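Below is one structure; the comments refer to it alone.
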2 protein chains.
Amino acid sequence: MSETATLAVGADEVMALKRLALDGGLTGEVKLSCSAFADEIGTSTQTASRRLQRLDSAGLIARETVSDGQWIELTDDGEHVLRREYEDYRTVFEGPRTIELSGTITRGMGEGQHYISLSGYMEQFREKLGYEPFPGTLNVTMGDESVRRRAALRGFDAVHIEGWRDEDRTYGPASCYPAVIEGTDGDRYDESHVIVPDRTHYDEDRLELIAPDRLRDALDLEDGDRVTVYVTE
Amino acid sequence: MSETATLAVGADEVMALKRLALDGGLTGEVKLSCSAFADEIGTSTQTASRRLQRLDSAGLIARETVSDGQWIELTDDGEHVLRREYEDYRTVFEGPRTIELSGTITRGMGEGQHYISLSGYMEQFREKLGYEPFPGTLNVTMGDESVRRRAALRGFDAVHIEGWRDEDRTYGPASCYPAVIEGTDGDRYDESHVIVPDRTHYDEDRLELIAPDRLRDALDLEDGDRVTVYVTE
DNA sequence: ATTACTAGTTTACGAGTAA
DNA sequence: TTTACTCGTAAACTAGTAA
C-alpha cells in the first residue's frame, strides 16, 4: 500500500499539512502561492516549495500548478494523517475515546454470511451504516486484556439494528460500532463496524466485523494473523 | 514575556512534547529513559536527549534526572503549546469553535471602571470567573468583518452575571465569554473575558474586555494598537 | 544502567537563478 | 509574477565516549 510513503514525511511536513487543512484544503481545492504559504509557515519560499513537493510525492496532497500559483487539495491519505494527529491530541486532553482491541483472525462458522445476507438486516445496514456489507463477518479472537476492554463498548453510542421476524422465526436486534482495523503490516481499513447481537449470547472473546469489502482481501489477512481493531464512539 | 522561548521550538519538539503528554506527562511526572523515548519518537538516543534538552530550556517541560533515567512533567507553557495544536486540529475537523475578532484599542469612557468596581458585580466575577478583574475594561473597536462575526457569540454558552439593584437604581445583567487576547507582537493573554451587557444597548463595533490584570500593561498596549481577540465557547 | 558531550557526516536551509 | 532548480552554508543527525 501507499502507507509506506506516508510514514516518510517528518514533523515539519505534518505541520504544513495542517496549515493547508486550516486554509480549506480539506473541503476542496485551495489556491496558494509558495511565497504566501512561506509566510504562513514561517520559512523561505524555497522551503515552502519543498514542503509542498514532499507532501505531494508522499501522496498526502494533490495539486495543479498554474501560472500564478497552485491549486492544492488534501488526499484521503493526507486527511488520515491529520485525523490520527487529532486523535492523539484528543486523547491527551479528553482522555481516550477509542477502544483498542487486538486479536487473531479465526475462521467463523459461516453463520455470519447467512444472517448478514438476510434482507431484514441488509436493508438496515444500507440505511443506517451507509453501505451494503460484504456477506460475511471477519472473526477476531481476542486476548484477555482486550476482552476486558471490550466491556467499555457499552458506554458507546451504538448504531441500532432492529430485530424482525418472518414466517418461521424471529431475528434478534444487534448493535454496530464504527471501527478501524489495522493489519499486522500497518495497513488500515476505516469503514468497518463491530457488530454485536443484543440479546443472543455470544462468545466473550470473539469480535465480529462487517465492512463493504471482504476484509480478508482488503487487508490481505489469513487465519492466525494479528489485527488491531479501534472501536470509536 | 516567556512566550518568545516557546516559539523557538520546532515541529519536531512539539511532536516530542505530544508524545510526552500521551505518556502521562500532563497529569503528573512520568519516568523515562532517553533510549526508551528514542524508540517512541523514532530517533537515536542522542537526538531524543537533545529534544528533551530543548523542551527543557524552552520551558515546556520540567525534569529531574536520576541515575536510571529522568522524571518529566509538562509545564503550563508546554500544555498551552499542545492545547493550541489541539485547537487547530479541532478547527480542521469540527469547524471553528473560536470567534476571531480583530480591532484597535480605543479609550473607553471610564464607565467600565465604575461598573466593574461595584460589589454587586465584583462578587459574581470572583465566584463565576475565578478571578477579581482589574477595575476597568479594555475597549476594542472592531472592523466590519469582525462585527459580523461577533453575532455568532449568541450561540455560545456564556457565563451569566446577574443584575441587581441598590437604593438608587438597577444594574443590568451581563454575559461573559472566555477570550484570549493577542497583541500586535504576538504576545497572548489567556485569562480574559469579553463582557456584554444583556439588555442595555451597546455600540455594535465595540468590544469590552476584563481580566485579572490591567491588559494595557500586561500586553503593552496603547490607543490605536491592533489586537486580535479569540472568543472561545 | 543512565545523560550528554565531542566529532564527523548527512541533511536541511536560504540565496540566487532559470524557465 | 510564478515553481523549482543548483549551490554554498548552517543546522541537525548519528556514532563514539566520558562522567
Side-chain angles (χ1 to χ4, degrees), chain A residues 4-20 23-25 28-75 78 81, chain B residues 4-20 23-25 28-75 78 81:
Chain A
T4 46
T6 292
L7 296 171
V9 300
D12 289 322
E13 278 77 26
V14 174
M15 220 74 145
L17 192 65
K18 186 195 72 180
R19 193 78 253 160
L20 290 172
D23 291 341
E29 285 186 312
V30 62
K31 174 84 177 299
L32 277 187
S33 77
C34 281
S35 58
F37 190 54
D39 288 341
E40 286 187 343
I41 61 175
T43 67
S44 64
T45 57
Q46 295 88 338
T47 296
S49 171
R50 239 190 319 254
R51 293 271 153 83
L52 295 175
Q53 287 177 55
R54 287 177 191 172
L55 289 172
D56 192 0
S57 63
L60 304 184
I61 61 171
R63 58 185 183 147
E64 183 188 8
T65 60
V66 289
S67 61
D68 61 338
Q70 48 193 303
W71 288 94
I72 300 180
E73 191 176 21
L74 270 73
T75 63
V81 168
Chain B
T4 46
T6 292
L7 296 171
V9 299
D12 289 322
E13 278 76 24
V14 174
M15 219 74 146
L17 193 66
K18 186 195 73 179
R19 194 77 254 161
L20 291 172
D23 291 341
E29 284 187 312
V30 61
K31 174 85 178 299
L32 274 185
S33 77
C34 280
S35 57
F37 190 54
D39 287 342
E40 286 188 342
I41 61 174
T43 68
S44 63
T45 56
Q46 294 87 342
T47 296
S49 170
R50 206 145 14 83
R51 292 272 154 82
L52 295 175
Q53 288 177 53
R54 287 178 192 171
L55 288 172
D56 192 0
S57 63
L60 304 184
I61 61 171
R63 59 185 182 147
E64 182 188 8
T65 60
V66 290
S67 62
D68 61 338
Q70 48 193 304
W71 289 95
I72 300 181
E73 191 176 23
L74 269 72
T75 63
V81 168

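To find a chain, count down the sequence lines: A is the first, B the second, and so on, and within it residues start at 1. Please read these numbers as outputs of a predicted model, since none were measured by experiment.
Here the side chains of A:Asp23 and A:Glu40 are in contact, with some heavy-atom distance below 4.5 Å.
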Using the rule given for side-chain contact (heavy atoms from CB on, under 4.5 Å), can you reason through B:Arg50 versus B:Thr43, listing the C-alpha separation, both sets of side-chain angles and the distance that settles it, and then say yes or no? CA-CA 11 Å; B:Arg50 206 145 14 83; B:Thr43 68; over 6 Å; no

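The CD-P distance, from B:Glu13 to D:dC13, rounds to 8 Å in whole Å. For A:Met15 and C:dA12, the CE to C1' distance is 17 Å, given to the nearest whole Å. A:Asp12 places its CG atom 9 Å from the P atom of C:dA12, with the value rounded to the nearest Å. Look at CZ on A:Phe37: it is 11 Å from P on D:dT3, rounded to the nearest Å. Taking atom CG on B:Leu52 and atom P on C:dC5, their separation rounds to 13 Å, with Å as the unit. D:dA11 atom C1' lies 13 Å from atom CZ of B:Arg51, rounded to whole Å. Nucleotide D:dT3 holds its P atom 15 Å from the CG atom of A:Leu55, rounded to whole Å. Between B:Ile41 atom CD1 and D:dC13 atom C1' there is a gap of 12 Å when expressed in whole angstrom units.
In this model, the phosphate group of C:dA4 is approached by a side-chain N or O of B:Ser49 to a distance below 4.0 Å at OP1 or OP2. OP1 or OP2 of D:dC13 has at least one side-chain nitrogen or oxygen of B:Arg50 nearer than 4.0 Å. Here B:Gln70 reaches the OP1 or OP2 of C:dT3: one of its side-chain N or O atoms lies under 4.0 Å away. For the pair A:Arg63 and D:dT2, the criterion of a side-chain N or O lying under 4.0 Å from OP1 or OP2 is not met.
When both pairing distances are held under 3.5 Å, D:dT1 makes no Watson-Crick or G-U pair with any nucleotide shown.
For A:Thr47, the side-chain atoms get nearest to C:dC13 when compared with the rest of D:dA15, D:dC13, C:dC13. Between C:dA15, D:dA4, C:dA4, one nucleotide has an atom nearer to the side chain of A:Gln46 than all others, and that is C:dA15. Listed candidates were C:dA4, C:dG14, D:dT14. Nearest to the side chain of B:Thr65 is C:dA4. Looking at the side chain of A:Arg54, the nearest of the listed nucleotides C:dC13, D:dC13, D:dA4 is C:dC13.
Heavy atoms of B:Thr45 sit nowhere under 4.0 angstrom from any nucleic acid atom. Contacts of A:Ser33 with the nucleic acid, taken as non-hydrogen atoms under 4.0 Å apart, involve only primed sugar atoms and P, OP1 or OP2.
Each of A:Glu64, A:Lys31, A:Arg63 was evaluated against A:Ile72; a single residue qualifies, A:Arg63, per the side chain to side chain contact (heavy atoms under 4.5 Å, CB included) test. Between A:Leu55 and the choices A:Leu74, A:Val14, A:Leu20, A:Thr75, the side chain to side chain contact (heavy atoms under 4.5 Å, CB included) rule is met once, by A:Leu20.
Taking each heavy atom of A:Cys34 and A:Thr45 in turn, the nearest pair found is CB-O, 4.1 Å.
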